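Structure record follows, encoded as structure tokens.
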Protein chains: 2
Amino acid sequence: MATSFSQTEASTGGEGQYRQALMAQAETATKPDMEPDAQKPSSAYLVRVLEDDILNNVLKPGDRLDEQTLARRFSVSRTPVREALRQLASSGLLEIRRNHGATVKRVTVAELIEMFQVMAEFEGLSARLCARRALPEEIAEMRRFNEECDALAKAADHYGFYAANNRMHEVIYAASGNNFLAEESRKLRNRINVYRRHITFQPRRMQNSVLEHARIIDAIEDGNEEAAHRLMREHVDLLAGSAADVVQALETRNRK
Amino acid sequence: MATSFSQTEASTGGEGQYRQALMAQAETATKPDMEPDAQKPSSAYLVRVLEDDILNNVLKPGDRLDEQTLARRFSVSRTPVREALRQLASSGLLEIRRNHGATVKRVTVAELIEMFQVMAEFEGLSARLCARRALPEEIAEMRRFNEECDALAKAADHYGFYAANNRMHEVIYAASGNNFLAEESRKLRNRINVYRRHITFQPRRMQNSVLEHARIIDAIEDGNEEAAHRLMREHVDLLAGSAADVVQALETRNRK
DNA sequence: CTGTGCAAGTGTGTATACAATCATGCCTAG
DNA sequence: CTAGGCATGATTGTATACACACTTGCACAG
């Protein structure tokens with residue numbers, strides 16, 4: 001399982017555990033009427049299920065989603081299926097082309113780097129706002145989660161670290177006081193999480209994260225906006241660093 | 001319901017001109033199959049029309065959009081209307097509550113400030129990326145548009161300035177080389193444009209913008225990422241405070 | 001006079017039917 | 001043998017019909 005970092009998703013051994021972690025995370029923002037039957041809001045249910053399938057790589061990039069097939073599969077008519085597909089498309093997870101069906105969006109390396117850059121900026125702004133207005137209790141909560149991350153990193157618990165890390169960033173969103181930013185961050189984070197979780201498996205990645213978090217929290221506590229912003233951006237930007245920058249420049253700009 | 005139009009004309013005398021400017025801007029990103037009849041993609045057409053109506057304040061915040069009424073109005077069935085409404089809702093322009101209809105989202109002052117903060121960060125990142133990799137031709141283009149802005153500012157042509165200003169920022173998006181960022185920026189810009197354009201009318205706002213643009217372009221040309229980022233953020237951030245005033249003015253005006 | 005309950009009406013959510021458009025495969029002609 | 005066109009099939013987009021849920025108004029009881 002340690003070698004599941006290779007780009008091919010051949011080893012799906014830990015899928016279940018990830019799924020549980022994701023579920024637990026999603027559960028917090030879910031309405032109470034999420035009974036196993038849940039017949040009423042059929043389209044909303046479909047959105048959740050399909051989203052999970054895409055995010056967990058059950059539906060792979062390029063897979064075609066046929067309205068009729070899905071309708072039969074879920075025992076509903078095409079109408080709610082259709083609605084769900086459009087919604088997922090507007091979230092950026094699907095691509096819909098006229099009379100060509102809906103396909104799971106293929107994310108290119110360039111696009112992924114682009115999204116990470118934006119994510120880094122989101123989190124950077126969050127950190128900046130935290131430095132400006134985070135309450136002592138909130139800062140204490142950040143430290144608690146980071147210590148949790150530390151313990152899980154030392155235990156080499158990738159799944160636990162992944163979840164704790166998400167919770168820590170969630171605290172930062174909340175403490176930023178900017179709900180719009182928090183919501184956009186969550187959306188984008190959802191989209192790149194399927195890739196982000198692979199990073200957890202990089203050697204020394206977890207330990208480095210804990211250290212970087214600590215520095216960020218220090219900057220927030222000091223009220224040092226610039227440092228908090230910069231450190232957080234660099235923290236998130238590590239994957240989309242300058243080396244990848246070259247790749248992006250080559251892929252998106254074929255000018256001479 | 002649709003007759004609440006006359007009241008608007010008095011206060012927004014230049015609506016037509018704005019509409020033209022917006023149309024011209026939107027036209028650039030529109031597919032060629034946009035014939036005057038355009039019966040085929042009914043839902044897409046509805047999205048455009050309703051979006052324009054919302055963005056141009058023809059449909060005011062809080063207005064209720066009834067599926068059946070809209071279906072009759074556009075001589076289509078409820079299905080495409082429904083699809084259009086859902087799409088607009090996911091863009092954040094509408095709010096849909098169960099059995100409560102779709103209403104034009106009321107933007108509070110706090111939300112608007114939040115959006116401007118994110119916008120500032122988007123544009124700041126754009127400027128940073130430009131400083132890293134903008135080509136000389138692109139920088140020259142920025143300067144050209146800024147000179148155009150300057151001329152229009154001196155001529156007190158608010159509408160022209162608004163459009164030229166948009167084009168200049170568009171160049172920066174393009175030169176950033178980050179298509180995802182550019183797309184997200186456009187979406188958010190669309191959502192706050194209805195308020196942003198009012199700012200153009202504030203005294204000395206146009207002249208100040210031209211100066212700030214010049215400094216930003218200088219930083220980009222120097223390859224000074226930090227300065228470009230900071231200057232652009234401050235440039236957009238300045239608008240946030242003004243925008244808050246505008247919202248309050250609009251809210252009080254729409255209430256009576 | 002106020003609060004609760006019931007009923008009717010409106011409006012959304014889903015299902016099914018139909019039309020139109022695009023893709024695919026075969027046939028024919030060069 | 002290849003290329004192009006036509007026909008057929010499949011799939012999406014739209015229309016209409018129906019069922020259920022919510023809201024709103026009124027009435028009655030406390």
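Lettering follows sequence order; numbering is per chain, from 1. Here the structure is a predicted model, which is why all the values come from computation and not from measurement.
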Requested in this report: Apply salt bridge (charged side-chain N to carboxylate O under 4.0 Å, His left out) to the pair Arg106(B) and Glu111(B), showing each step before the final yes or no.
Outcome: CA-CA 10 Å; Arg106(B) 259 180 220 286; Glu111(B) 283 170 340; over 6 Å; no

Under the side-chain contact (heavy atoms from CB on, under 4.5 Å) test, residues paired with [X] that sit two or more places apart:
X         : value
Glu184(B) : Glu184(A), Phe122(B), Phe180(B), Lys187(B)
Asn179(A) : Glu114(B)
Ala164(B) : Glu148(B), Cys149(B), Leu152(B), Arg167(B)

Query raised in the report: For residues 87-96 of chain B, which residue pairs qualify under side-chain hydrogen bond (donor to acceptor under 3.5 Å, both in side chains), counting only residues two or more places apart or in two chains?
Result: Ser90(A)-Ser90(B)

Query raised in the report: Near DNA chain C, which residues from residues 83-96 of chain A have a heavy atom under 4.0 Å away?
Result: none

Report task. Let me know which of Val81(A), Val49(A), Thr69(A) forms a side-chain contact (heavy atoms from CB on, under 4.5 Å) with Phe74(A). Result -> Val49(A)

Report summary line: Residues in residues 66-78 of chain A with a heavy atom under 4.0 Å of DNA chain D, by number, are Asp66(A), Glu67(A), Gln68(A), Arg78(A)

Report summary line: Closest non-hydrogen atoms of Leu188(A) and Met115(A), given as atom of the first, atom of the second and distance, are CD2-O, 3.8 Å

Requested in this report: Starting at atom CZ of Arg82(A), determine the distance to atom C1' of dT14(D), rounded to an integer number of angstrom.
Outcome: 8 Å

Report task. Report yes if some heavy atom in the side chain of Glu170(B) is under 4.5 Å from a heavy atom in the side chain of Asn166(B); otherwise report no. Result -> no

